[in-house]
2 protein chains.
Amino acid sequence: MTHHSPGPPSARRRVASFLYRVPVSAPDHLLPQPVRVGLLGCGNVGAAWLAIVDGDVEAIAARTGIRLDIVKVAVRRPERARPPDVDPERLAARLTTDAASVVNDPRVEIVVELIGGIEPARSLVLAALAAGKPVVTGNKELIAACGAELLAAAEAAGVDLLFEASVAGAIPLVRLLKESLAGERIVRLTGIVNGTTNYMLTRMSEEGLGYAEALAEAQALGFAEADPTADVEGFDAAAKAAILAGIAFDADVVAGDVHREGITAVGASDIEFAHRLGYEVKLLAVAERTEEAGRSETADNDPVSVRVHPAMVPREHPLASVRGSFNAVFVEGDAAGELMVYGRGAGGRPTASAVLGDVIEAAHHVREGTRARSAMRRAPSLRPITELRTQYYLSIDVTDRPGVLAAVASVFGEHHVSIRSMEQVGLAAVGEARLVFITHTALEADLQATIADLALLDPVERIGCVLRVIGPEPSAS
Amino acid sequence: MTHHSPGPPSARRRVASFLYRVPVSAPDHLLPQPVRVGLLGCGNVGAAWLAIVDGDVEAIAARTGIRLDIVKVAVRRPERARPPDVDPERLAARLTTDAASVVNDPRVEIVVELIGGIEPARSLVLAALAAGKPVVTGNKELIAACGAELLAAAEAAGVDLLFEASVAGAIPLVRLLKESLAGERIVRLTGIVNGTTNYMLTRMSEEGLGYAEALAEAQALGFAEADPTADVEGFDAAAKAAILAGIAFDADVVAGDVHREGITAVGASDIEFAHRLGYEVKLLAVAERTEEAGRSETADNDPVSVRVHPAMVPREHPLASVRGSFNAVFVEGDAAGELMVYGRGAGGRPTASAVLGDVIEAAHHVREGTRARSAMRRAPSLRPITELRTQYYLSIDVTDRPGVLAAVASVFGEHHVSIRSMEQVGLAAVGEARLVFITHTALEADLQATIADLALLDPVERIGCVLRVIGPEPSAS
């Protein structure tokens with residue numbers, strides 16, 4: 001037995017559970033045995049987590065009774081420069097390019113997966129679980145694509161799979177929904193889960209920037225990638241929406257199931273109009289249980305609607321004040337009412353903080369021989385977007401000539417979409433005008449049919465931005 | 001053994017842990033054995049919790065694997081009317097006026113204490129813990145006064161004492177701080193934890209009401225008591241601040257340790273001035289670890305400052321948009337950065353939702369033979385308010401005559417309190433004026449000395465509202 005061997009598990013656990021209550025001022029030989037962790041990936045989050053644990057191991061032990069020891073770190077490019085708070089010598093002593101050797105190392109009791117992407121992450125996580133090792137992951141793509149498979153593997157192996165860091169960074173959604181709201185019937189989650197687009201929309205709202213200016217600024221500041229597609233087209237938010245739906249409804253929803261619209265059609269004039277009516281424009285990820293007539297008491301398998309789209313949010317709504325790159329998720333429950341959690345949705349240290357919370361929980365479970373409770377996921381019935389009923393904002397550029405408004409309005413009427421308010425704004429180009437509409441609550445299928453027919457009208461130059469409008473309809477005044 | 005006896009614990013637990021994984025569509029005889037709960041108190045929260053559990057027992061079992069059975073309910077006045085969603089016949093069959101008989105009932109595995117107040121709640125909770133029964137409580141007064149004693153009793157007995165519902169209703173603070181942020185160094189909690197005063201301040205801010213009008217409206221709506229002292233003088237918020245400090249810092253802080261100022265001196269003109277400078281006025285509960293020079297890595301016993309006072313909050317701060325009777329707690333951690341949780345801080349069903357989350361956790365622990373991790377509380381070093389350093393807002397009514405401003409300003413100067421901005425506003429009374437000041441960051445002791453000396457100045461009629469100003473000092477423009 002080498003110095004690092006954890007010893008026979010049964011003996012070790014008995015000792016550790018005795019030592020767990022010893023105060024931290026005790027001499028070193030009385031401190032809890034370390035829990036040995038293998039780290040896969042040392043990028044932004046991995047390096048931040050390594051630096052926090054290495055730098056704070058005694059303080060973390062004092063707070064939690066768990067002394068962590070990161071014994072092995074797998075990276076793809078060992079030569080890559082790491083942040084200054086990662087000690088290069090201590091890292092070098094633990095570095096390997098063979099990720100499987102971390103999973104298989106007999107000293108490793110918990111595997112932390114921060115590689116990102118689906119493969120090889122998926123195979124490594126499955127191998128760790130099959131070997132009876134709990135896994136903590138911050139991998140959004142992996143959970144959004146393979147969450148149900150991995151949870152089933154964890155269940156079969158009887159060990160933890162914890163993924164708080166995979167959605168909305170430091171914001172504690174999994175624990176909120178699975179523990180604080182255990183037993184609660186969750187009705188709807190509405191989240192601002194993409195920091196890049198929220199930064200852009202905040203700048204457009206507060207400084208009057210146009211879409212292109214806001215994007216250029218976000219790129220200059222490093223908030224947006226050179227190819228911003230994943231953010232501005234809503235792919236990132238859709239993956240997170242899938243994870244939210246999975247947590248809230250134990251539903252096997254994958255990113256591809258999510259109806260997705262981005263913010264590329266949102267312009268300064270749309271936000272200006274929203275302001276005039278008392279709204280902010282936000283990119284929302286929504287996961288909701290849809291009301292079915294005559295639901296029975298145990299009808300937790302109501303159809304689920306999961307979607308990402310820009311929306312008009314009333315200024316008094318807590319989500320309207322989520323500014324800059326912050327994220328927030330608004331939760332509606334049957335008994336709890338309205339809750340919101342707000343925080344840093346990305347970034348090395350905040351995400352590493354969520355990883356740390358999960359690793360501490362997994363370490364307690366290793367010590368106690370228990371595990372987190374998890375629910376198996378079922379294939380949900382997904383409600384198509386065409387069945388959504390909400391209010392809509394719609395902007396249409398037309399040739400400014402007599403009779404246009406009547407023609408446009410009659411298309412709405414033909415499809416039973418009732419108009420709550422309409423405004424005509426001038427455009428720079430001579431002879432063109434922009435018509436902006438807010439509808440009463442309507443069926444999405446009817447709105448889509450309206451848009452399709454509007455596009456066929458001769459004077460319609462362009463169908464612009466479509467926004468769903470959140471909140472109750474204002475009463476007529 | 002009667003039909004209701006839970007049977008020998010070891011046998012029962014083995015069966016239950018097997019049954020836990022059975023899907024809910026299984027026939028009745030395969031469903032998990034109920035976990036039997038005794039309820040103390042059937043007031044607003046108790047009745048709501050009873051109605052939720054009685055009405056939703058199958059759905060809760062489906063979601064959590066735990067089937068709850070409330071076998072006995074202790075009330076002081078059995079004749080009192082209960083809300084319509086409580087079935088009177090089912091309640092009557094379980095009702096008793098002998099609370100001790102609930103605690104001692106051999107069927108009762110978990111005790112839920114929703115009586116409120118210190119005695120007899122304290123004795124009943126201690127008796128339940130001593131009998132090895134986990135306790136879930138929503139009792140703010142009890143936890144704020146006796147939290148450390150009760151946690152020590154739970155630790156000695158090796159069972160859970162869970163109290164998520166005792167502070168900020170449905171908002172999941174205990175789990176956030178103890179689990180999601182396990183290992184994290186918490187720097188500061190800043191909370192809006194009293195719904196009545198936040199409702200009043202919201203009305204004053206949005207409708208321009210004066211203090212007396214806002215109070216009368218809150219009383220008419222049932223948000224404020226006929227005697228509003230506990231709310232408007234900050235006693236309720238101080239008890240919650242003590243609980244927050246206990247959770248965040250494992251510190252044995254009681255309500256009486258908390259520096260407390262209410263909102264009775266806040267007037268419409270103070271809020272108007274705050275608006276002009278870009279602030280909202282909020283009653284804040286603050287628990288913070290104070291920075292000590294040269295703290296070591298394990299220095300988690302830095303002095304703690306715990307206080308309740310009205311404050312000016314920058315409009316962009318997430319707490320500024322918490323409106324009406326909602327509550328929120330803003331958390332600052334070393335790695336996680338800024339987090340906020342927002343929700344219903346009071347009310348029967350939201351608070352009952354927090355009770356349910358705790359009862360489900362305790363029930364899982366009963367089934368598994370484990371318990372929640374809890375930290376012993378230490379006596380903290382409390383930093384006196386006089387050592388606080390912040391910016392201040394101060395309003396002073398003076399006789400309007402030449403030289404007054406110079407006299408007032410020189411008192412600030414004598415005490416090294418530097419003025420950032422000053423404004424003179426006219427008053428209705430002829431010959432009087434109101435001077436409003438914002439200071440640069442100053443020491444509280446110096447500000448108090450300034451106020452004491454100002455009160456001695458002949459032309460000073462009245463020292464009005466004192467508000468601490470939250471956030472960084474704006475840079476000079």
Side-chain angles (χ1 to χ4, degrees), chain A residues 23-24 48 52 55-56 58-60 62-66 155 164 170-172 175-176 179-185 250 297-300 316 318 320-323 326 328 333-344 347 349-350 352-354 356-357 359-361 364 368 370 373 375-376, chain B residues 21 23-24 48 52 55-56 58-60 62-66 164 170-172 175-176 179-185 250 297-300 316 318 320-323 326 328 333-344 347 349-350 352-354 356-357 359-361 364 368 370 373 375-376:
Chain A
V24 273
I52 289 171
D56 251 4
E58 294 309 326
I60 292 168
R63 283 179 212 127
T64 65
I66 296 290
E155 181 74 15
E164 186 74 88
I171 303 180
R175 247 175 224 91
L176 170 70
E179 299 185 23
S180 301
L181 297 176
E184 173 92 10
R185 183 173 190 272
D250 293 329
E297 248 174 33
T298 51
D300 277 353
E316 303 75 33
S321 2
V322 175
R323 302 169 65 248
F326 275 92
D334 252 3
E338 301 175 345
L339 283 170
M340 189 175 82
V341 280
Y342 163 102
R344 290 275 171 208
R349 282 173 61 83
S353 164
L356 182 59
V359 170
I360 296 293
E361 179 173 350
H364 279 299
E368 294 159 5
T370 60
R373 291 169 289 280
M376 298 305 291
Chain B
R21 302 200 183 169
V24 272
I52 289 171
D56 250 4
E58 293 309 326
I60 294 169
R63 283 178 212 127
T64 65
I66 296 289
E164 186 73 87
I171 303 179
R175 246 174 226 93
L176 171 70
E179 299 185 24
S180 301
L181 297 175
E184 173 91 12
R185 182 174 191 272
D250 293 328
E297 250 175 31
T298 53
D300 276 352
E316 302 75 33
S321 4
V322 176
R323 302 169 64 247
F326 275 92
D334 251 2
E338 301 175 346
L339 283 171
M340 189 174 83
V341 279
Y342 163 102
R344 291 273 171 210
R349 283 173 60 83
S353 162
L356 182 60
V359 170
I360 296 293
E361 179 172 350
H364 279 299
E368 295 159 4
T370 58
R373 291 170 289 279
M376 299 303 292

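- Remark: Arg175(B) CZ to Arg175(A) CZ distance equals 10.0 Å, nearest 0.5 Å.
- With respect to chain B, the highest number of heavy-atom pairs below 4.5 Å among Gly183(A), Gly343(A), Gly357(A), Ala48(A) belongs to Gly183(A).
- With respect to chain B, the highest number of heavy-atom pairs below 4.5 Å among Ser353(A), Gly337(A), Gly347(A) belongs to Ser353(A).
- Top candidate by heavy-atom pairs under 4.5 Å with chain B, chosen from Gly333(A), Pro350(A), Ala170(A), Ala335(A), is Ala335(A).
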> Hey, mind stepping through Arg63(A) and Arg185(B) against side chain to side chain contact (heavy atoms under 4.5 Å, CB included) and telling me if it holds?
Replying inline: CA-CA 9 Å; Arg63(A) 283 179 212 127; Arg185(B) 182 174 191 272; 3.4 Å; yes
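- Both the backbone and the side chain of Ala336(B) come within less than 4.5 Å of a heavy atom of chain A.
- Counting heavy atoms from C-beta on, the side chains of Val322(B) and Met340(B) come closer than 4.5 Å.
- For His364(B) (side chain) and Thr64(B) (main-chain N/O), a donor-acceptor pair under 3.5 Å exists by modelled atom type.
- Between Ile52(A) and Arg349(A) there is a side-chain heavy-atom pair separated by less than 4.5 Å.
- Interatomic distance, Tyr342(B) OH to Arg323(B) CZ, rounded to the nearest 0.5 Å: 8.0 Å.
- With chain A as the partner, the residue from Leu356(B), Asp250(B), Leu181(B) showing the most heavy-atom pairs under 4.5 Å is Leu356(B).
- In terms of heavy-atom pairs under 4.5 Å with chain B, the best-connected choice from Ile60(A), Leu339(A), Leu176(A), Val341(A) is Leu339(A).
- Contact count versus chain B (heavy atoms, under 4.5 Å) is highest, among Glu164(A), Glu361(A), Arg344(A), Glu316(A), for Glu316(A).
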